[in-house]
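Only heavy atoms go into these numbers, but all of them, side chains included; no hydrogens, no water, no symmetry mates. By convention in this document, chain letters (A, B, ...) are assigned in the order of the sequence lines, proteins followed by strands, and residues within each chain are numbered from 1.
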Amino acid sequence: MKERLEELRDEVLQVLEQVNDPQQLNDVRVKYLGKKGALTEVLRGMGSLSAEERPVIGQVANDVRSAIEAVIEAKQQQFQQQETERRLQQETIDVTLPGRRLPAGAVHPLSKVQQEIEDVFIGMGYSIAEGPEVETDYYNFEALNLPKDHPARDMQDSFYITEDILMRTHTSPVQVRTMKAMNGKTPVKIICPGRVYRRDDDDATHSFQFNQIEGLVIGKNIRMSDLKGTLLQFVQELFGKQTQIRLRPSFFPFTEPSAEVDVTCVQCGGHGCRMCKQSGWLEILGCGMVHPRVLEMGGYDPNEVSGFAFGLGVERIALLKYGIDDIRAFYTNDLRFLSQFARM
Amino acid sequence: MKVSYRWLSDYIDLAGIEAGDLAEQITRGGIEVDGVESLDKGVTKVVVGYVTSKEKHPDADKLNVCKVDAGLGEELQIVCGAKNVDAGQKVPVALVGAELPGGLKIKRAKLRGVESQGMICSAKELGLNDKLLPKEQQEGILVLPESVEAGVPIEEVLGIRDEVLELDLTPNRSDCLSMLGVAYEVGALTGRPVKLPDTTVASAALKAADHISVTIGSPEHCSMYTARYIKGVKVGPSPQWMQNRLMAAGIRPINNIVDITNYVMLEYGQPLHAFDADKIDGGRIDVRLAREGETLVTLDDQERKLEPHMLLITDGGKPIGLAGVMGGANSEVTEQTVNILLESAKFDGATIRRTSRQLGLRSEASIRFEKGVDAARVVPALDRASALIARYTDGLVADGIVEVSGEIQTYTDVEVSYGKLNRYLGTELSTLELRTIFDRLGFENEFDGKDSFKVRVPSRRGDITRDVDLIEEAARLYGYDAIPTTPIEGPTTPGALTRPQQIRRELRKRLADAGLNEVITYSFTHPERTDLFVHLSGETKPVRLAMPMSEDRSVLRTGLVPNLLEIAAYNRNRKNEDAAIFEIGSVFLTDEETLTRLPQEKQRLAGLLTGSRTTALWNRKAEPVDFFDAKGVLEMLFAVLGLENRISYEAAALEQLHPGRTAAVMLQTERGGERIGYVGQLHPELQRAEDLADTYVFELDLEQVYEHADSSIAYQALPRYPAIQRDIAVVLDRGIEAGSLLALIRETAGELLESVRVFDVYTGERLGADKKSVAVSLVYRHAERTLTDEEVTELHAKVVSQLEQSFQAELRK
């Protein structure tokens with residue numbers, strides 16, 4: 001019987017070698033290992049064996065079954081693997097075809113720059129103040145030390161609506177409104193962003209509507225050196241640590257002393273290029289110590305407190321930052337222009 | 001202000017300071033130098049030539065063959081095409097090898113067979129601004145005065161071996177509208193002394209007071225009027241050097257009298273005017289305001305209608321000049337003039353400004369008066385001009401100045417605290433350093449040994465009136481670079497965005513993330529555009545600019561949507577047919593025809609969608625946007641704003657919008673339902689007029705959003721018991737809105753209904769034209785236990801029967 005079993009094993013193993021699909025494999029399993037299979041058939045003869053032979057043959061039968069099952073198992077795995085490979089091949093796609101991209105719009109470059117500047121100042125402890133775009137002559141000019149007929153009004157040709165009401169020419173009136181609202185309290189630390197309007201023929205560098213951000217700090221013992229420190233910190237956060245500032249004396253009716261501020265050219269890093277007209281510097285800011293008369297009109301005693309103020313044009317910064325050569329592009333809103341600012 | 005380097009060196013020693021360095025120093029001192037222009041523009045080898053003879057060219061009608069003595073010993077033969085060339089003239093000759101502005105090189109040449117050894121030049125060819133030349137010299141070759149010598153380099157004759165600094169003056173530094181002012185500034189920067197011009201007038205037996213008299217009828221507009229009488233002048237051209245300097249300053253030479261008044265104006269910043277004394281009735285001057293109805297023909301031959309606020313120079317009766325702005329034609333100095341009255345006065349700046357504005361007449365004189373002239377220079381300027389007139393016109397200056405003037409303040413005393421100065425700047429200047437600075441400025445000063453500096457500021461620096469002005473002078477001369485950088489001391493402050501600012505940022509970000517591009521448009525628009533899309537604005541009148549730049553930008557916008565339409569059309573014309581854009585900005589509302597108070601400024605958000613939502617792709621078709629895209633944007637925003645449960649959409653017929661495809665956006669507030677926005681398709685007719693494809697717009701009132709937005713988050717525990725979903729489809733009248741269907745379902749099903757959602761809407765012939773089928777999916781759930789099939793079936797049956805009853809809905813099987 002032992003021989004019979006071993007013969008059977010050899011026969012099955014031989015048959016299995018020829019098997020090359022899962023169906024055949026199953027047929028073989030049924031044929032030899034199934035309930036009515038050949039192995040079962042042989043084992044039926046076990047009853048006629050002696051008590052000594054039975055365990056020996058039983059052991060042999062188990063070995064034979066294991067050997068066959070092991071081969072079947074291996075075959076099965078092989079077929080599964082083949083099947084998987086076949087499927088994978090079939091499912092292969094051209095991954096270079098474009099995906100279904102989710103839309104990504106863009107925040108307007110002016111908003112982007114404005115938010116960036118706001119964030120720098122928020123980090124420095126400033127609040128953001130806002131006010132109306134249509135203003136009274138008082139808030140726009142008089143309270144800023146620009147009485148009627150002051151020659152400096154020429155610097156800011158304005159859009160009047162009536163004798164006393166006009167489009168604000170800067171966001172400084174927000175400073176005045178804030179000072180009045182503070183009722184003499186210190187410290188004041190604000191920036192005022194917003195749209196402003198000046199009569200100007202539009203060209204590549206001028207727009208009758210533009211955006212400004214002005215800052216105002218009032219406190220005990222605010223010094224001009226603090227103004228320099230503040231501006232240096234600001235430009236280094238905005239343009240990078242290597243940026244330096246240079247102050248030039250200038251004139252604004254609402255500050256004394258006044259200065260224009262240049263920063264290291266963002267394009268050439270100060271070596272001189274076309275953008276900075278070979279000077280290595282770009283003018284980006286106006287600033288100064290708040291004029292005592294403006295403090296007085298804002299409800300402060302200039303003998304008790306001092307302050308500084310500064311202002312910059314958002315368009316100017318955006319032009320420099322992105323290398324845009326025409327300010328009008330901000331207001332034309334060509335989608336091919338806007339969509340370039342979708343980046344973080 | 002254009003400053004000739006050579007001229008400036010008459011008043012201050014500039015040795016060792018090149019023009020470029022000077023410009024840099026002045027700029028760093030606070031007066032911006034816009035540029036430095038070299039006047040010779042690279043001219044070389046051009047000399048004065050004497051034309052000894054002129055012959056016609058044998059083969060060319062328009063050419064002449066000239067013999068020219070250019071000081072070389074041998075005469076040159078030069079072919080010249082200018083009509084005005086003639087024998088006996090002194091002319092500029094470019095020799096062979098000469099270079100002219102623009103890089104033109106002169107070579108030996110043959111013109112129609114005749115040899116030419118150089119070129120006779122016009123003013124333009126020499127790089128001169130021919131607009132500044134006397135008219136007769138603008139055409140043809142430049143004819144030089146007979147007195148110049150042949151062979152002398154032309155740069156010397158024309159004074160163009162010089163550089164001009166263009167100063168961009170801020171309004172406070174009108175003191176530098178004069179060469180002397182600039183000299184004082186340079187003196188302060190360099191520490192060098194200023195040399196004043198000679199103002200000595202020779203005495204004469206002739207008495208001015210016998211010939212002229214002055215009265216001031218309106219002293220509040222004219223604080224000082226001085227005049228001299230000069231007899232027997234010969235009007236003619238002024239000396240070449242003076243003409244050169246005037247031209248360098250951008251002023252056209254006219255004749256010696258006018259040129260001298262202009263020259264002295266540039267020197268002192270004090271405008272002067274010369275009248276033909278014989279044309280002034282009785283030699284009398286009265287300064288007064290104009291009377292109603294008066295007119296004056298000014299020097300430019302224009303008749304000016306005068307208004308009562310305008311200041312006049314009169315002869316006691318009729319006007320003979322517009323004070324400080326322009327002289328009258330009736331008293332003009334001409335070639336026939338023999339005797340003159342020379343005026344030097346201080347007129348009120350605001351008065352002059354108003355007049356020159358109103359008449360559109362801005363002159364070098366009016367600009368200076370507007371900014372205020374220095375009282376201390378009125379008489380010196382008069383004397384300086386008189387002396388020059390005597391020297392260059394052979395006139396006799398009569399003895400004495402005829403004047404009316406109040407007390408002249410030639411200085412202001414200003415006190416500054418030494419301690420404050422350093423505290424204010426954050427510097428540690430010593431008293432000695434400070435002294436030096438004031439000395440250099442030419443300000444007498446005295447330190448009390450403790451803290452106070454008493455400084456006497458001369459009236460030429462009228463901009464300095466209080467301590468901070470002196471602090472600025474100290475700072476700028478000490479150097480802004482030398483001021484340290486320090487951090488602010490004192491209490492720290494927290495920085496933060498206000499709620500509206502936070503919300504605006506969130507809206508921007510969410511909309512951009514959803515694929516919309518932010519635009520920024522102008523606040524000014526055409527009046528017709530303010531009537532459109534005013535659904536959130538109520539009855540409003542457009543706010544009109546007093547002097548708009550154009551009708552297209554003459555009023556303030558009352559809504560944002562009209563601007564978005566323009567942006568969409570602009571992009572469509574450039575083949576950007578798919579647009580999804582939004583703007584956040586203010587609109588301006590008022591009920592006043594003429595503003596007596598500020599208009600209301602309301603912040604709005606508006607959006608526009610047109611074209612396709614998706615572009616066609618290899619695996620996807622282009623899908624046109626529709627109403628529900630626009631509405632979906634709003635739904636997303638309201639979810640972010642925590643308002644979704646308080647918002648409803650009501651069909652609305654709003655102007656400029658498709659009557660069947662527009663909804664008012666309603667917000668439930670404590671005041672009831674309020675319209676805070678709208679969303680809809682553009683009316684097809686407007687769409688056509690605006691040249692757009694199907695377009696959907698929305699607009700929201702942000703003030704309401706700021707007030708009601710809710711960003712608080714209260715976590716809801718996730719459900720622990722299973723839900724049961726039931727779908728139904730009902731057929732009902734087409735006019736019944738899904739909104740009321742859903743409302744009824746919610747109401748009927750009560751608390752156990754977790755959610756309900758429309759998943760299909762079908763219309764078709766099978767249903768009949770006025771019917772539609774709406775398929776809805778309902779999810780039932782109990783928070784604390786598992787629902788039984790029976791109770792859901794029962795509840796669901798109630799919902800169905802309620803729909804059947806209320807809407808005559810028919811359950812689709």
Can you measure from CG (A:D202) to CZ (B:R553) and round to the nearest 0.5 angstrom? 8.0 Å
Is a side-chain donor or acceptor of A:E133 paired with a backbone partner of B:F588 at a separation under 3.5 angstrom? no
Within a strict 4.5 Å, meaning less than it, do heavy atoms of the B:Y480 and A:R246 side chains meet? no
Please tell me if the side chains of A:K220 and B:E489 come closer than 4.5 Å, counting only heavy atoms from C-beta onward. no
What residue, out of A:V107, A:L338, A:D334, has the most heavy-atom pairs lying under 4.5 Å from chain B? A:D334
For a 4.5 angstrom cut-off between non-hydrogen side-chain atoms, does A:E118 reach B:L497? yes
Heavy atoms, side chains only, cut-off 4.5 Å: are B:V543 and A:V134 in contact? no
B:N517 side chain vs A:G105 backbone, donor-acceptor pair below 3.5 Å: no
Is chain A contacted by the side chain of B:R597, its backbone, both, or neither, given a heavy-atom distance below 4.5 Å? backbone
Indicate whether any N or O donor in one side chain lies under 3.5 Å from an N or O acceptor in the other, for A:Y197 and B:S523. yes
Test item: B:W618 side-chain N/O and A:P98 main-chain N/O as donor-acceptor pair under 3.5 Å: yes
Checking B:R620 against chain A: side chain, backbone, both or neither under 4.5 Å from a heavy atom? side chain
Evaluate B:E32 against A:R248 for salt bridge (Lys or Arg N to Asp or Glu O under 4.0 Å), listing each step before the verdict. CA-CA 9 Å; B:E32 204 168 329; A:R248 281 181 288 112; 3.7 Å; yes
Inspect the contact between B:R505 and A:D119 and indicate whether a charged nitrogen and a carboxylate oxygen are less than 4.0 angstrom apart. yes
B:T485 OG1 to A:L232 CG distance, which is reported to the nearest 0.5 Å: 5.5 Å
Please evaluate residues A:T332 and B:Y570 with respect to the criterion side chain to side chain contact (heavy atoms under 4.5 Å, CB included), reporting the C-alpha separation (whole Å), side-chain torsions for both, the decisive distance (0.1 Å), and the verdict. CA-CA 8 Å; A:T332 310; B:Y570 173 91; 3.1 Å; yes
Of all heavy-atom pairs linking B:T521 and A:Q209, the shortest is O-NE2, 3.1 Å
Tell me which of these, B:E473, B:R476, B:E601, B:R613, has more heavy-atom pairs under 4.5 Å with chain A than the rest. B:E601
By a 4.5 Å heavy-atom criterion (distance strictly below it), what part of B:L511 contacts chain A: side chain, backbone, both, or neither? neither
Output the option from A:Y160, A:F159, A:F308 having the highest count of non-hydrogen pairs under 4.5 Å with chain B. A:F159
Shortest non-hydrogen contact from B:I488 toward A:Y126: CD1-OH, 4.5 Å
Between B:Q501 and A:A129 the two heavy atoms that sit nearest each other are NE2-N, 4.5 Å
Given B:P491, B:A579, B:A496, B:G490, the one with more heavy-atom pairs under 4.5 angstrom with chain A than any other is B:A496
Could you check which of B:S174, B:A350, B:G479, B:G515 has the highest count of heavy-atom pairs closer than 4.5 Å to chain A? B:G515
Closest non-hydrogen atom pair between B:L545 and A:M167, with its separation: CD2-CG, 4.0 Å
What part of B:E566 lies closer than 4.5 angstrom to a heavy atom of chain A: side chain, backbone, both or neither? neither
Could you check whether any side-chain N or O of B:T486 sits under 3.5 Å from a backbone N or O of A:D226, counting only pairs where one atom can act as donor and the other as acceptor? yes
How about A:R223 and B:R423: do any of their side-chain heavy atoms sit closer than 4.5 Å? no
Relative to chain B, which of A:S306, A:S258, A:G219 shows the most heavy atom pairs under 4.5 Å? A:S258
Can you name the nearest heavy-atom pair linking B:L598 to A:P132, along with the distance? CD1-CG, 4.3 Å
Kindly indicate whether the side chain of B:Y424, heavy atoms from C-beta on, has any atom under 4.5 Å from the side chain of A:P257. yes
Under 4.5 Å, counting heavy-atom pairs only, tell me which of B:G29, B:A475, B:G349 racks up the most with chain A. B:G29
Could you grab the distance from atom CG of A:L335 to atom CZ of B:R572, nearest 0.5 Å is fine? 13.5 Å
Which one, B:N172, B:T27, B:I567, leads in non-hydrogen pairs under 4.5 Å with chain A? B:N172
May I ask you to decide if A:S250's main-chain N or O and B:T170's side chain share a donor-acceptor pair within less than 3.5 Å? no
Checking A:K228 side chain against B:I483 main chain: does a donor-acceptor pair fall under 3.5 Å? yes
Rounded distance (nearest 0.5 Å) linking atom CE of A:M224 with atom CD1 of B:I471: 10.5 Å
Close side-chain approach of B:I520 to A:F330, heavy-atom, < 4.5 Å: no
Can you name the nearest heavy-atom pair linking A:P103 to B:A514, along with the distance? CG-O, 3.6 Å
Side-chain donor/acceptor of A:E256 to backbone N/O of B:E472, under 3.5 Å: no
For the side chain of A:N333 and the backbone of B:V519, is there at least one donor-acceptor N/O pair under 3.5 Å apart? no
Ionic contact status for A:E296 with B:R466, cut-off 4.0 Å: yes
Any side-chain heavy-atom pair from A:R100 and B:N619 closer than 4.5 angstrom? yes
